[in-house]
Each structure stands twice: as structure tokens, then as C-alpha cells.
Novice: 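This is the structure, below, for whatever I ask next.
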Protein chains: 2
Amino acid sequence: MAGRAAVPEVIWSRPERTGRGPRPAFTRADIAAAAVRIADAEGLGAVSMRRVAGELGCGTMSLYNYVPRKEDLYELMMDAVSGEHELWEPSGDWHADLVRVAHQTRALMHRHTWLPRLMSPVYGFSPNALRYLEHCLACLDPYDAPYGTKMELVAMVNGVVTTYVANEIATAERTRTLPWSEEQENATRLAYLGRQVASGAYPRLAASFAEDAGPIDLEAVFERALTRVLDGFA
Amino acid sequence: MAGRAAVPEVIWSRPERTGRGPRPAFTRADIAAAAVRIADAEGLGAVSMRRVAGELGCGTMSLYNYVPRKEDLYELMMDAVSGEHELWEPSGDWHADLVRVAHQTRALMHRHTWLPRLMSPVYGFSPNALRYLEHCLACLDPYDAPYGTKMELVAMVNGVVTTYVANEIATAERTRTLPWSEEQENATRLAYLGRQVASGAYPRLAASFAEDAGPIDLEAVFERALTRVLDGFA
DNA sequence: GCGCACTACGTACGCTGTACGTAACTAGGA
DNA sequence: TCCTAGTTACGTACAGCGTACGTAGTGCGC
């Protein structure tokens, strides 16, 4: 009966295997992989304890031997995808290296579209997250500043990438989720917006829409946001 | 039986009152206020259709006459708090005005800690959100740039504020939610982190922790992040 | 070899969003 | 003026959720 009490612990400080009892049937990596597979295919909402257990081929409650709370399952998932970051030998040009980091993070988030939603400093201390952070700091070796500033820079870049991709994904996801077609949705929203803007209450918004800038190049917007942030530090 | 079909519509383009049938017992504002009250007091997780209906004193399913899906309830909440933004006459100094906007947004998010979690471009077109956006653009009148750039600037400032406050809140919330004390939590996490860092695998992280910078002034960090972003545009 | 810590898992509880059926009500058109 | 169609109101029901708890069975450390 012991060992089931609510003891304060990060899941990473809990040993995966204690020695006593039957051999665990799965590793944490197995569990994380299963959860990530489900989230990638069917969205974060499909990740439930029952579903993950089903994927692993075990009873629902057995999962609680490995993962005491669902939040820990999220932590496992975040660590697993953090491990997908490619870590290279810093080039000596920290600006270029950080741009590369940002692009890789963005690609990672597009591969795992649930990632921005879980992004939080709470999950920032898993083993693979630490490895990633260390790599960012290594890229910043040529940048002459106290570590406090470097941390702020990394946080800023990560924040911008997260915000940006979250927006990309939210707009994309919404049209896929809704029970009516994308054209209908856009038409309704545009009609509403047009009515609002045409009311004359928002002259600058109206001017903004009238400003013919052609189709928005989202890629370029991302690039600009990134360089602006980095320039703010150089 | 008609009218219950899945018709594509933004809730804002659906009239609040059509004329036929009994007088509605509540306005959208009533519903939004109730939901916001619950979320402020007990967190976003406590906001359920049943709970809101209970707060309003009506049956659960009656709420669906006003709010077709739960996501629309969120949209009402976001609009309600967007209306709390103070809109002033622009001073002519767009830099100062945007800093003021950022501070107000941060204060707003601290008043409604669930706000960053719901932040998404999806909710960016409610009446009060449009009013807020128009105000930001008015503040940017002295900034000589195409509206596209102004929009990017506003998005960037909002993004930074959201990310920053989300982190503030996540760390604060976590300690309040957990079933053990803050000291225990911090001790466990620090012990784990210390063990990792002491392993020698993360030399720069170790150096960063060793760098004695005194207690971190979060207020100053926020200020720096803000001015850096604004400087990137000036 | 004994005992204990661990794994495994079924059952159950209270919660969620919401589809659907039914009854009461009221404003617009004939 | 009356009829009827569109709305409001709301109870019931269903599938799914996280997880507390009880009960077996298993194998390592003493």
C-alpha cells in the first residue's frame, strides 16, 4: 500500500526501475512514444490515459505505475520531442546559429502541432530540454554577455517562435476541426469583419485592409520577427 | 427543430435577439460576466457549461440557446475582458504609448490569469478586440510605416507580453495547485537540477547557475524585453 | 525462503460536453 | 384576431474523462 502517497517529486528524479517486483513491461520512452504518436495523429485531445494504455496494450490503471499523474505524461512527451532537436558544433556566428535553432524549433512544432500548447517553463527542465538549453548557450559562447542576458535571449527567441507557430497552427487547425467547410468559415468571418469595418468605427483597421499588399508571405514575417529580436540584443 | 443545425457562423454575427419566442432571460454580457467570475475565482478548469448555467440560475441545456458551443463561451469571455482595456487619447509618442499598452495588458492578464491560455488569433476579431486593435493603430499614427508593419509590431508586443505573463502565471499557479508545499516542490526540483548540473554534462548551465546575480528582478526583465522589441522596429 | 515492494488491472465515482425530445411561450402574417 | 412557426427552457441520456481504491500475482533483497 505504501508508495502510493502524494510525495513531492519531479518524475525525472523518480528512478525508472527500483529492482523489486516484476520487470516493468514498458520503459518511459515507450510510453512517451505512444503518447506522441497519438497526439501527432489525432491531436492532443486524443491523448487520454485510457487511450495511451490501449496503444501500449495494457490496462488503464497499469499506466499509473509509470506515470503518477497525467501532467507527468505531458512531461514525458515534451522531453521526447525535445530529444529531436539536432545539436551541432557551434559555427562561431551566434546570430546565424540562433536563426538555425529557431528554424529547427519551428520545424519541430510543425511536426508535433500540439507542442506550442504544452510549451511552458514548467517542462523546461527535463533531461533533453537541459541538453537543448546547453546547446543554445554553446551557440552563444561568442556573444559577450553575462549568462543572465543569454538566458533572456534564448527565452525571447523561443517565445517568438512559439507564439508565431502557435498562431500558424491555431488558424490551420480551426478550419480542419470545424464541421463546415473552410470556404464557408472564411466567407462568414469575412462578411462579419467587412460589416464591422464598413461601419466606420475602425478607420485605421479599414485603411489597413484597404492597403493592398498582395498575399501575406508568412515565411518572411517570421524571418523579420526573428532578426528584429536578435538585432535588439546585438 | 430548425435552427439547431450546424450552420457556419461567428457568434458575433448571430443576432442576440430575433423577436420570436419568449424573451431571453439573460444577455450575452450576463453570461460572459458569470463565466469570467468563475474563471477568476476558481480557474479556467472550473468553467463548465453546468457551472455557468448554475451561476446564472438556469438549466444546463438552456445555456446552449445562447452559446452554441463551449468555444463560443470562451469567445464571449475574451471579448468581455478585452473591453477592460483602457483606451486613451494617443500622446504622440508611439514608443511610450505602446509601453503603456503592454503594461495594461500585463495588468489585465494578472487580473484574469486564464487569459494567456486562451490568447489566440482566433479570438482576435470580437468587437472589443477590434476596438483595442484600432486603439493600438491610433497610437502608432506617428510611426511612419505601412499598416502591415504596424500590425506586425502590435502582434509582436502582444506576443511578448503574453509569453512573459504566461510564464509568470504558470510558475505561480503550479505551486498553488500542487498537493504539497512550495518549499518541498522547490527543494525537490532544485535537488534534481543540482544533481544534473553537478554531473558535468552541462558546463554552461552550471556556470550560469554559479553566476551570482542576486535575486532576479522579473519586472526589469519584462521592461528590457519590451524595449528590445520596440527598438527592433525603430 | 520469507516478506515486502512492486506490477497489473477491474470497478467505481464524479465530472465533462452535448445530442435529442418535449413543453411553454410569443411575435408576425393572414 | 387567431394561427403558426420560431424560440426559449430544461430533463434525460450517452460516451468519455482522470483517478481513488481494492485485490491479485510476481520476483528481488535480506
Novice: OP1 or OP2 of dC20(C) versus the side-chain N and O atoms of Tyr64(B): is any pair under 4.0 Å?
Specialist: no

Novice: Just the atom pairs and distances: protein N or O near nucleotides 11-17 of chain D's N or O, under 3.5 Å.
Specialist:
from    : atom 1 : to       : atom 2 : distance (Å)
dC17(D) : OP1    : Ser48(A) : OG     : 2.8

Novice: Starting at atom CG of Leu63(B), determine the distance to atom P of dG17(C), rounded to an integer number of angstrom.
Specialist: 10 Å

Novice: Check for a donor-acceptor pair, side chain of Lys70(A) on one end and backbone N or O of Val47(A) on the other, with a separation under 3.5 Å.
Specialist: yes

Novice: What distance do Met156(B) atom CE and Thr163(A) atom OG1 have between them, rounded to the nearest 0.5 Å?
Specialist: 9.0 Å

Novice: Can you tell whether the side chains of Glu75(B) and Arg69(B) come within less than 4.0 Å, N to carboxylate O?
Specialist: no

Novice: Atom CZ of Arg23(B) and atom P of dG6(D): how far apart are they, to the nearest Å?
Specialist: 19 Å

Novice: Specify whether Tyr164(B) and Phe222(B) have parallel, tilted or perpendicular ring planes, treating 30° as the upper limit for parallel and 60° as the lower limit for perpendicular.
Specialist: tilted

Novice: Can you find a side chain N or O atom of Ser62(B) that sits less than 4.0 Å from OP1 or OP2 on dC10(D)?
Specialist: yes

Novice: Filter on side-chain hydrogen bond (donor to acceptor under 3.5 Å, both in side chains), then keep only pairs touching residues 26-39 of chain B, sequence neighbours left out; what's left?
Specialist: Thr27(B)-Asp30(B), Arg37(B)-Glu55(B)

Novice: What does Phe26(B) touch in the nucleic acid at a heavy-atom separation under 4.0 angstrom: a base, only the sugar-phosphate, or nothing?
Specialist: nothing

Novice: Between Tyr66(B) and Phe26(B), does the ring centre distance come in under 6.0 Å?
Specialist: yes

